[in-house]
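Let me begin by presenting the structure, written as structure tokens, before commenting on it.
In what follows, every chain begins at residue 1, and chains take the letters A, B, ... in the order their sequences are listed.
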2 protein chains.
Amino acid sequence: MKSHQVTIKDIAKILDISASTVSRALKDHPDISIETKNKVKKLADKLKYKPNAIALSLQSNKSHIIGIIVPQIVHHFFSTVISGIEELAADKGYNIIITQSNESQKKELDNCQTLLSGRVDGMIVSRTKDTENFDHFRNILNTGTPIVFFDRTCHGIKTDKVIIDDYKAAYDATEYLIKTGCKNLLHFAGPKNLKISSKRMWGFADALKRNNLSFNEEMIYSADNFSKGYNLTYELYKNNHLPDGIFTVNDMTAAGTLSALNELKIKVPEEISVFGFTNGIISQITSPSLSTVEQNGYLMGYSAAEILINKIENETTDIISKIIPTKLIIRNSTKKL
Amino acid sequence: MKSHQVTIKDIAKILDISASTVSRALKDHPDISIETKNKVKKLADKLKYKPNAIALSLQSNKSHIIGIIVPQIVHHFFSTVISGIEELAADKGYNIIITQSNESQKKELDNCQTLLSGRVDGMIVSRTKDTENFDHFRNILNTGTPIVFFDRTCHGIKTDKVIIDDYKAAYDATEYLIKTGCKNLLHFAGPKNLKISSKRMWGFADALKRNNLSFNEEMIYSADNFSKGYNLTYELYKNNHLPDGIFTVNDMTAAGTLSALNELKIKVPEEISVFGFTNGIISQITSPSLSTVEQNGYLMGYSAAEILINKIENETTDIISKIIPTKLIIRNSTKKL
DNA sequence: GTGAAAGCGCTAACAG
DNA sequence: CTGTTAGCGCTTTCAC
């Protein structure tokens, strides 16, 4: 039973002054006498008056809410990004509304509707793996609500984004494997239509070529989660196709791979090196601990929020593409240089 | 530059009818003629009219927003809970606003203010570790905004909550260790003022007693994260105090413990058994995989949302304490029965 | 069957 | 220095 929250009118009535005077007093308008201000503030305090954000929103046509769409909240990388967004948003007086698409295009569409209806001031989005049609995003942009994409972006749509240089990071990781003596490498890759996956794949391929190792498509396997990494490793073992180094598209896949290798009593990194991508918590927990690419989700989120809020408040129209630096984190699943 | 979103007035003007007619037509009010309805709906569609949720909120005094406060978003358990909340909320037409307290009481207070100002219809909260004063929550409850607590609850405050039977779960886990032959057990515990921690501790203690093993306070060590678990294990090793079984207050602590034991070449579970708590992703990734207590955060979140939404919509006043069942997940860090 | 008017809580332009 | 009025977008009596 929602009891009546104190409003500006209540205060006005009690003090026998007008609502606008109360409003002005509360925000230290220079016109108001000090006595009145004091009177009002004291009562407001006593009554625990809280401005009604909804009324303010309606009036100003600003909700001070940032809408977020991620594929999954329960995913270390995404929750890190969210955390970064929340941090800056809270600082700047924005709330965040979070929705998840569960990798379903339909749900993603629903989320867009919901957020649009909720009149968010802007959105931060990482799209589903297989979204191919980006009209819903275009429509939102057309209404004037800014969107900043991160990590998974949309091709053919001019918009702000925060990404990492997936190509370079993959290139560097692969080259590290080569420099530490691997000659027979495989890549466990994500879906091809995801730019981040294909870029990592090309980084892998080019690192081989430039280091005078031959590359062919058979070095690319599709595996982008724990169980796929696990199963694929077993399969390669059975077919006698295990390499001496594996670069995986993310940490979970690497963890699955390591888990299988452990069971198969194959020594890491002596017999096989494994290189992950993301640097989530799990990379410290695997045995051996995982060498990986630091992706800095927190900073991605923080930067995305920064760009978005700037766009909201200054109504600039320049398109920004921010690249968050990555670095290799060398642990014990690879040999030392 | 937020361009003008289509409103009911725009439609009214174009069709040369009144706003109220449009409003009624849109919601299939029986009074309105079919032609008018069709006309209105068609145009609304064409113009991509979206009702302004903010205006609706102001009017109905319902925001259809659920406010969430968690210590940290980046924490597998909490993100799982959030995911459960989001799922039901989305189903029932609610949005969720997420705030994190970072285990800071001050931030928690701020969050309460923000959410209250945002006129959320209700809140779902897991408090910080060291909050001792719960007045801010009491104040919110007094305004008529319902709160459902989960996992970490507040003593001395009558409110809805969703918890697990921490005592029983800990008792069962400890008993399992005893039954598989452990005679010399330790518990790595969390802060005493957290009910969930102390309950787990008592479950541990009572399991020992009831199984004719002596218990004393020296079996309890304070360690509730990866590095504390890791360091404590090394310390015990140095002092020759390693037991034959360890029950930890959560998975991360167990992971730290396992990591140290691996480095020390101590065989798990042959020499030492390790039992965790939570069943997060990491429990499958540790080596060996971790026996743990399934805490079902998703269901906790889902149930909390269920209770809260019911309270919001039906304005019931009964206080509900829901206990989510736990179960032991036996993997390879403990011996078999 | 439809329109006019009031009001949700607040602010801002306009008076005085 | 303070009050009155109008309006943000929408719903809901009350008229006709």
Pull out every residue in residues 34-55 of chain A that has a heavy atom closer than 4.0 Å to any atom of DNA chain C, ordered by number, or say none.
-> A:Y49, A:P51, A:N52, A:A55
Which pairs, protein N/O on one side and nucleotides 12-16 of chain D N/O on the other, fall under 3.5 Å?
none

B:I17 vs A:K9, nearer the 5' end of DNA chain C by closest nucleotide | B:I17
[atom1] of [X] versus [atom2] of [N]: gap in Å, rounded?
| X | N | atom1 | atom2 | result |
| --- | --- | --- | --- | --- |
| A:D10 | C:dG7 | CG | P | 16 Å |
| B:L26 | D:dG9 | CG | P | 16 Å |
| B:K13 | D:dG9 | NZ | C1' | 13 Å |
| B:N61 | C:dC10 | CG | C1' | 14 Å |
| A:L58 | D:dG7 | CG | P | 14 Å |
| A:I11 | D:dG3 | CD1 | P | 14 Å |
| B:L56 | D:dG9 | CG | P | 12 Å |
| A:I8 | D:dG3 | CD1 | P | 13 Å |

Could B:D45 and B:K42 be called an ion pair, given the rule that one side-chain N must be under 4.0 Å from one carboxylate O?
-> no
Do B:I324 and B:I163 come close enough that some side-chain heavy atom pair is under 4.5 Å?
-> no
Between the side chains of [X] and [Y], is a donor N or O closer than 3.5 angstrom to an acceptor N or O?
| X | Y | answer |
| --- | --- | --- |
| B:N102 | B:E108 | no |
| A:D121 | A:S63 | yes |
| A:S117 | A:T114 | no |
| B:N133 | B:Q105 | no |
| A:S83 | A:T80 | no |

Does C:dT2 have OP1 or OP2 sitting under 4.0 Å from an N or O in the side chain of B:S33?
-> yes
Do any side-chain nitrogens or oxygens of B:S18 fall under 4.0 Å of OP1 or OP2 in C:dG3?
-> yes
Please say whether more than 12 non-hydrogen atoms of neighbouring residues, nucleotides or ligands are located less than 6.0 Å from NZ in A:K322.
-> no
Verify side chain to side chain contact (heavy atoms under 4.5 Å, CB included) between A:F137 and A:C154, making sure each step is shown before the conclusion.
-> CA-CA 9 Å; A:F137 294 130; A:C154 301; 4.0 Å; yes
